Every structure is written in structure tokens, then in C-alpha cells.
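Below is one structure, written out as C-alpha cells; comments come after it.
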Amino acid sequence: MSKPSLPQGTRDFNAATVQKRQYIFQTIRSVFETFGFQPLETPAMENLDTLMGKYGEEGDKLIFKILNNGLDNPTKTEQVQAGFEKITQGKSSTAITERALRYDLTIPFARFVAMNHGALTFPYKRYQIQPVWRADRPQKGRYREFYQCDADIVGSESLLNEVDLIAIYVTAFEKLQLPVEIKINNRKILLGLAQVCGGEDKMIDLTIAIDKLDKIGWEKVKEELNNKGFSEQQQDIVAQYLNISGTNIEKINQLKTLLGDNENGQKGIEELNFVLDYHEATGMAKHLVADFTLARGLNYYTGLIFEVKALDAQMGSIGGGGRYNDLTSLFGVPNIPGVGISFGVDRIYDVLEEKQLFPATIESTTQVLFFNLGEAESKAAYLQMTALRNKKIACEIYPEKSKFDKQFKYAEKKNIQNIVIIGSEELAQQQCTVKNLNTGNQSTIAFEALANFFS
RNA sequence: GAGGGCGUAGCUCAGUAGGUUAGAGCGACAGUUUGUGGCACUGUAGGCCGUGGGUUCGAGACCCAUCGUUCUCCCCA
């Protein structure tokens, strides 16, 4: 028997961790519901072809695939061997695997909307809090099983939705008392830039290079642009683009002059302005930072895009999202525009832990421990305990008749504040000894008064 | 996919230039008048030194491989 272990990148959560995680989930869930979103849950596994090709080439490699059952069936041996051949060549084969673990919540959601668009009321606003799995190399802030909390609105093109989603971010992180900045950009601006220098088809090369700016610096970005065939003049425009700085308004003005009369660029700026203007009024604009270098990897985004970064923390983004014009058309149902955001709970947890921002009150435990001093005694104790439980006072009885020492230590380890002693003496008098372990104070209480003593 | 660090008791780690029976702290368990804890003291248990090869008279230490873990890059939450 080998030592038990956990698959790479997965974790057990002990009591304290679960309670802290619940605190995050509940905070975010209550904000979602306050904004009129309704819950949805989808299966842990999807058909492989629902997921493949939706996350780019890199993404496909990171999907956990589930081995088919019945591969040992002799009548299928030939198919299975042919399928295995394809797998070893890096292709996929339904003879070997046709299901996979959920990679994110957005694509399953799009699949759900496509399947149920006849029954849903649009605009449809749903939130979803479930684990996802990625066959990534685990490292700091990156796990193979982690939770996402998504909120999406489909069936509406209104920018009010973007305004709302930003308000959700601001509200949720204020409740969690975590200072953040929300970076905001527009894919249309990136598209406009691509059109101004090099053409639309170079947009992906361009955004990848731009996205790397703060990691590798301008010189390397310029080198990469050069390799991708951008002219000196075009590189110069990109340089000006990346040098844009100042307040949000100043940045936008600089961008306007740079992109000139490019239609996509102007539209992108207009949308950005709309959202910023709304949140000037709500006072939430102080968290918003226009950042034209923000690109985001997922290529289904078409409009405004967001990314949340915790201030003063060594951690990647803790949330992100954006507008996608036609996700459900991937599943044969066109013309349902949508916009959504995601919270990275596991990273939020790590940041809150690092900055010690969890409230002390969230670790709840048993309030009262009844000592076990024998059969008749524990029977009397059990009756009292039932009365307390009816009053919603969390209590338990030590299940073994053990030495005081041991029962005390159990209470301490579980951080139980009060103990109740019912021994032969107390039993005869129909009363019990109550001791507060914090203060050391001890008092004698009649059985019938016990429930009121704690409530 | 590429590249580093680390695997010794349940946990955190010592273990000197390879040299006898492998160490500490914490934890666990037991005891210090079998109805009053936290402290202290005493004692006990617990290690194929990740695994497999190799070098050597001799390996926990050195070399190779392998597995696990962790971090960085890529990519992402």
C-alpha cells in the first residue's frame, strides 16, 4: 500500500478554509442576486466537441479528457486501436474519449443557452459558481481544480449591462474589503489600431505583442512587431499608442487623435466613455482604469473587456470578462449577444489570506460541550442538549466517558467556549455546572433555566 | 511545452570534507491523588533518509534515472 496522495494541483479544504471560502462565495452570491441574477449549474463533464476549439490551441491542450468506458470490448478492438493511433499523433478520437471536464463556465453556459433559447426569457441573467479543471502546470495562484464565479447577461446589446457588471465588481470587492482596480479596454479599439497600422488580419499578432509590454518591455515588443512584418511607421504608431498616459479622460483624448477617424476606434471610445460616464455618477469610476494595453486571451471577446487586479498584491488577475457578440452561434443559434464577468475565488482567497482580510467572526464552531460522566449522567445531558439545539444553540456531548483532562482538551482544540458538567451530584439536584472557558467563570444553573442561559 | 529548487519521524527541519546503533522542536499517547483544562515535569511510540540503479572498503550525503512536490517562463483565474 503506497502512501495516499492527491492529484497534482488539487487540494483538500479543512474546516477553517471551507468557512473562509464560504464567506467569499456567499458575499459574491448575494451581490449577484441583488443585481437580479439567477443561479445555474451545469455538469462537471461536457461532450468533448462542446469544448474543443473554443479556447484556442493552447486551451485545447489543457482540457482534461475522460477515457471512454468499454475500451476492452473485443468487438471494438480495431476502432480503439485506430483511435489510439490518432491520439498518439496529437489528434483527438471519439473512439478513445468523447467527454471532458468543464474548462470554464462560459462555454457550458453558451451551450445551455443554445439548447434552451426557446424557453428562456431574454435578457437572461445567470450566475454560476462551480469548479473548473485545467491540465495546467500548477504554481503560485494556479491550480488544476479551481472555482469560478461567473455572471453573464445574454440577449441584450445595451451597455447598461457593462455598467451593471462593473458595479458588481466594485460592490463585491468593497464587501470583501479588498482594494482593487478594474482595468477596462475595448476590443474595438484594438481592432481600430490594427486597421490603422497593418490591417485587420494582424490584430491577433498585435494584441499578443501589446499584452506583453509590462513583462518584456518596449524594445522586445518592437522586435516582435518587426518580426511579424510591421513597418517602421506602423511600429511608431504602436509606440505612440503604448505611450498614452494620464487620467482616463486624458488617455481617451490622446487615443482619439491617434486613431483619427477610424470607425471601430471611435465606436470603441464611445462605448468606453458611456461606461465611465455612468460610473462618474455612481462614484465607482475611481476604481476604473482605462488601459489600452489590456487584451485578454480569449478570442471570443468583441467589445468592452475587463480585468480586476488586487492593489498591492503579488497575484495575477483575480477576475475578468467582457462582451462577446455571438457565442451561441458556435452551437448553431446565432444573434444572441452577451457580456459576462468572472471572479477567481481561489486567487481571491490567497490574496485575502496574505493580507489578513478575513473577518475573525467567520470561523464558527460548537458553542457548548456537554461532559460525559457516565450513563445516567449523559442521558440527562442529552435531554438538555436537545433543548438547546431546539433553540439553535450549537452543542455536542463528548461521546466517551473520559477523564476531565481529555474532555477539556477536546473543547480547547475545537475552540468551544462553554462546557456543561452534569455529574451524579448535579443529577440529583436537577442542575448543572456551566463553565466559560475564556473567563474561567463557573456557575450552577437549574436544568429548566439552561436553554435561556445561553440564548 | 521549456527551465530551476526541494524530497530525512504525523508536522517544521538539523544532519558538518562520504565513516559505527539517524537527531531536535512541535504534535500524539501514557503518567505526575480516576470531578476542573491551558502551564510544567517524566516516560513511550513513531524513520526501507521518495523509489531504482551506480561510484566506494563504506552513501541520508556523491553520480544517473525515475516519481512526487514547488517555483519561473508560456498561458491563464
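Just so you know, these numbers use all the heavy atoms, side chains as well, and skip hydrogens, waters and symmetry mates. Protein chains get the first letters and strands the later ones, always in sequence-line order, with residue 1 at the start of each. Since this is a predicted model, take the numbers as computed values, not measurements.
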Which is true for [X] with a 4.0 Å heavy-atom rule: it touches a base, it touches only sugar-phosphate, or it touches nothing?
X: A/Leu62; value: nothing
X: A/Lys61; value: nothing
X: A/Gly141; value: base
X: A/Asp346; value: nothing
X: A/Phe371; value: nothing
X: A/Lys401; value: nothing
X: A/Ser342; value: nothing

Given [options], identify the nucleotide with an atom nearest to the side chain of [X].
X: A/Asp405; options: B/rC74, B/rG37, B/rA30; answer: B/rG37
X: A/Arg134; options: B/rG38, B/rC76, B/rA28; answer: B/rC76
X: A/Glu412; options: B/rG35, B/rC75, B/rG37; answer: B/rG37
X: A/Glu426; options: B/rG37, B/rG1, B/rG35; answer: B/rG35
X: A/Gln139; options: B/rG35, B/rC76, B/rC71; answer: B/rC71
X: A/Arg142; options: B/rU36, B/rA77, B/rG38; answer: B/rA77

Taking the [atom1] atom of each, how far is [N] from [M], in whole Å?
N: B/rG46; M: B/rC11; atom1: C1'; result: 13 Å
N: B/rG25; M: B/rG37; atom1: C1'; result: 24 Å
N: B/rG15; M: B/rA9; atom1: C1'; result: 14 Å
N: B/rC48; M: B/rG54; atom1: P; result: 22 Å
N: B/rG50; M: B/rU34; atom1: C1'; result: 45 Å
N: B/rC39; M: B/rC49; atom1: C1'; result: 35 Å
N: B/rG47; M: B/rU66; atom1: P; result: 30 Å
N: B/rA45; M: B/rA40; atom1: P; result: 23 Å

Under 6.0 Å between ring centres: does that hold for [X] and [Y]?
X: A/Tyr127; Y: A/Phe37; value: no
X: A/Tyr147; Y: A/Phe343; value: no
X: A/Phe371; Y: A/Phe408; value: yes

Using whole Å, report how far [atom1] of [X] lies from [atom2] of [N].
X: A/Arg347; N: B/rC76; atom1: CZ; atom2: C1'; result: 6 Å
X: A/Lys140; N: B/rC76; atom1: NZ; atom2: C1'; result: 16 Å
X: A/Ile24; N: B/rA77; atom1: CD1; atom2: P; result: 18 Å
X: A/Lys409; N: B/rA28; atom1: NZ; atom2: P; result: 7 Å
X: A/Met315; N: B/rC71; atom1: CE; atom2: C1'; result: 13 Å
X: A/Ile419; N: B/rG35; atom1: CD1; atom2: P; result: 14 Å
X: A/Phe408; N: B/rU36; atom1: CZ; atom2: C1'; result: 4 Å
X: A/Leu6; N: B/rU69; atom1: CG; atom2: P; result: 9 Å

Base-pairing mate for [N] - Watson-Crick or G-U, with both contacts under 3.5 Å:
N: B/rG60; answer: none
N: B/rA2; answer: B/rU72
N: B/rU21; answer: none
N: B/rA77; answer: none
N: B/rG43; answer: B/rC29

Relative to the ring of A/Tyr410, is the ring of A/Tyr398 parallel (under 30°), tilted (30 to 60°) or perpendicular (over 60°)? perpendicular
Do the ring planes of A/Tyr241 and A/Phe292 sit parallel (below 30°), tilted (30 to 60°) or perpendicular (above 60°)?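 Ring orientation of A/Tyr241 relative to A/Phe292: tilted.
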5' priority, RNA chain B, between A/Gly316 and A/Leu373 [closest heavy atom]: A/Leu373
Of A/Gly440 and A/Arg144, whose closest RNA chain B nucleotide lies nearer the 5' terminus?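 Comparing both residues, the 5'-ward one is A/Gly440.
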Look at [X] and [N] and indicate whether a side-chain polar atom (N or O) is within less than 4.0 Å of OP1 or OP2.
X: A/Gln8; N: B/rG68; answer: no
X: A/Lys309; N: B/rC76; answer: no
X: A/Lys403; N: B/rG31; answer: yes

Below 4.0 angstrom, N of the basic side chain to O of the carboxylate: do A/Glu271 and A/Arg323 qualify?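 No salt bridge links A/Glu271 with A/Arg323.
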Tell me if a side-chain donor or acceptor on A/Asn185 pairs with a main-chain N or O of A/Leu294 at a distance below 3.5 Å. yes
When you compare the ring of A/Phe146 with the six-membered ring of B/rA77's base, are the centres less than 5.5 Å apart and the planes under 30° from each other?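 Yes.
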A/Ile318 and A/Asp350: side chain to side chain contact (heavy atoms under 4.5 Å, CB included), yes or no, with the steps? CA-CA 10 Å; A/Ile318 55 176; A/Asp350 289 347; over 6 Å; no
